[in-house]
There are 2 protein chains.
Amino acid sequence: MPKNCNFIEKLREVGLRPTKQRIKICEVLYNREKTFHFTVNDLVKMISEQMSQKISLATVYNTVHAFEKKGYLKEISIDSQKTYFDTNTSAHHHFFDEDTHELIDCDGSDIDKINIRKTITGKKINSIEVLVRIASDNQNQK
Amino acid sequence: MPKNCNFIEKLREVGLRPTKQRIKICEVLYNREKTFHFTVNDLVKMISEQMSQKISLATVYNTVHAFEKKGYLKEISIDSQKTYFDTNTSAHHHFFDEDTHELIDCDGSDIDKINIRKTITGKKINSIEVLVRIASDNQNQK
DNA sequence: AGCTACATTATAATTATTCTAAACTATTGA
DNA sequence: TCAATAGTTTAGAATAATTATAATGTAGCT
Ligand SMILES: [Mn+2]
Ligand SMILES: [Mn+2]
Ligand SMILES: [Zn+2]
Ligand SMILES: [Zn+2]
């Protein structure tokens, strides 16, 4: 979803009615320079900071899942406690900071193309994703 | 944890008292040819099938986490709903079958060593894991 | 045998997410 | 313009996985 796009039109195009809740969520998610990662809780907080009127939690869940289904969000499972969503819906790899629980995107030049030699009959590959877990390096504390 | 090992000794060695619950869980998890993946629910089912006396759910959770802490189990987050554990505690990659929700191990020859060119200052890499999502290939149904 | 720290257990609490069903609203077409 | 309709929002209940509590039990030591 491009920045400063006509969200009303965009939503209609994909068959979602442009309600004020959805438009607000679009603004919060997509009117920014860079893509980012968030939890539903993060999103609820961002919305409540920018709005007088609240959006109910059920609607936030509904909307996030509706956007996911339409391909405007990607769900990422890293941490068994939290479900992350990503406004970067392209295929890409991640660093996960185990100290801060922050996700960081890798771009194409960071990791070579992964070549899978194993095949499983009757099955096709949907995605190949690398997760690099990082944490603070305490070797420096001699 | 090797097959047919003396679990009582092994548990004592790492500072865990060899209770009958823990010994039973060791047998269920480690007395088999191959490593495998399971959820806590799976494990509870396996135990109840093989035992007259039940082990409480809290104990199963406690034990699984104790074993994880001691390095005899690995936790895997793939699916936001379920937490998987792996009796294969070495670094390895996975296929995840999105139809059956089954995890399949990759061995070293299946995927080349991953080279990470990106570095983040003050952070060290703890692990690099690839997840290959697969699903049934319906191209064949012409 | 008796002490003590560790473990087990039933049960309650917590948390994230989904469901329900009633109220609301965007869209359409008469 | 306006009512019909299907889609949407919402508060609150329900569900499910996991963790906390606190009482009871037990392994290991003397
Ligand atoms: Mn989902
Ligand atoms: Mn855990
Ligand atoms: Zn990302
Ligand atoms: Zn595995």
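Labels below follow one simple rule: chain letters A, B, ... track the order of the sequence lines, proteins then strands, and each chain is numbered from 1.
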B:Asn62 CG - C:dT9 P separation (whole Å):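 Interatomic distance, CG of B:Asn62 to P of C:dT9: 10 Å.
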N/O (side chain, A:Thr83) to phosphate O (OP1/OP2, C:dA16) under 4.0 Å: no
Below 4.0 Å: OP1/OP2 of C:dT17 and any side-chain N or O of A:Tyr61: yes
Sequence-distant partners of A:Asn126, side-chain contact (heavy atoms from CB on, under 4.5 Å), two or more places apart: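 Testing A:Asn126 for side-chain contact (heavy atoms from CB on, under 4.5 Å), a comparison that skips the adjacent residues, returns A:Lys124, B:Glu98, B:Arg133, B:Ala135.
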Distance (rounded to the nearest 0.5 Å) between A:Phe67 CZ and A:Glu75 CD: 15.0 Å
Protein-nucleotide distance (A:Lys82, atom NZ; C:dT17, atom C1'), rounded to Å: 16 Å
Within residues 40-58 of chain B, residues whose heavy atoms come under 4.0 Å of DNA chain C: B:Lys54, B:Ile55, B:Ser56, B:Ala58
N/O (side chain, A:Gln21) to phosphate O (OP1/OP2, D:dT10) under 4.0 Å: yes
Check: A:Val14 main-chain N/O paired with A:Lys70 side-chain donor or acceptor under 3.5 Å: yes
From OH (A:Tyr72) to CG (A:Leu11), nearest 0.5 Å: 8.5 Å
Gap between atom CD1 of B:Ile25 and atom CG of B:Leu73 - 0.5 Å precision: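 One finds 9.5 Å between CG of B:Leu73 and CD1 of B:Ile25.
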Ionic contact status for B:Lys3 with B:Glu33, cut-off 4.0 Å: yes
Nearest-Å distance for atom pair CD/P, residues A:Glu75 and C:dA16: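 From A:Glu75 CD to C:dA16 P: 15 Å.
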B:His65 vs D:dT19: side-chain N/O to OP1/OP2 distance below 4.0 Å: yes
Interatomic distance where NZ belongs to B:Lys69 and P belongs to C:dA7 [whole Å]: 11 Å
Euclidean distance, atom NZ of residue B:Lys24 to atom C1' of C:dT8 [Å, nearest integer]: 17 Å
CG on A:Asp107 to NZ on B:Lys118, rounded to 0.5 Å: 6.0 Å
Side-chain donor/acceptor of B:Arg12 to backbone N/O of B:Arg17, under 3.5 Å: no
Within 45° cone and under 6.0 Å: B:Arg32 NZ/CZ vs B:Phe36 ring: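 Yes, a cation-pi geometry.
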Whole-Å distance separating the CZ atom of A:Phe67 from the P atom of D:dT8: 11 Å
B:Ile8 CD1 - C:dA7 C1' separation (whole Å): 16 Å
Using a cut-off of under 3.5 Å, enumerate the N/O to N/O pairs linking the protein to nucleotides 25-29 of chain C.
from   : atom 1 : to      : atom 2 : distance (Å)
C:dA26 : N3     : A:Arg17 : NH1    : 3.3
C:dT27 : OP1    : A:Arg12 : NE     : 2.6
C:dT27 : OP1    : A:Arg12 : NH2    : 3.3
C:dT27 : OP2    : A:Arg12 : NH2    : 3.2

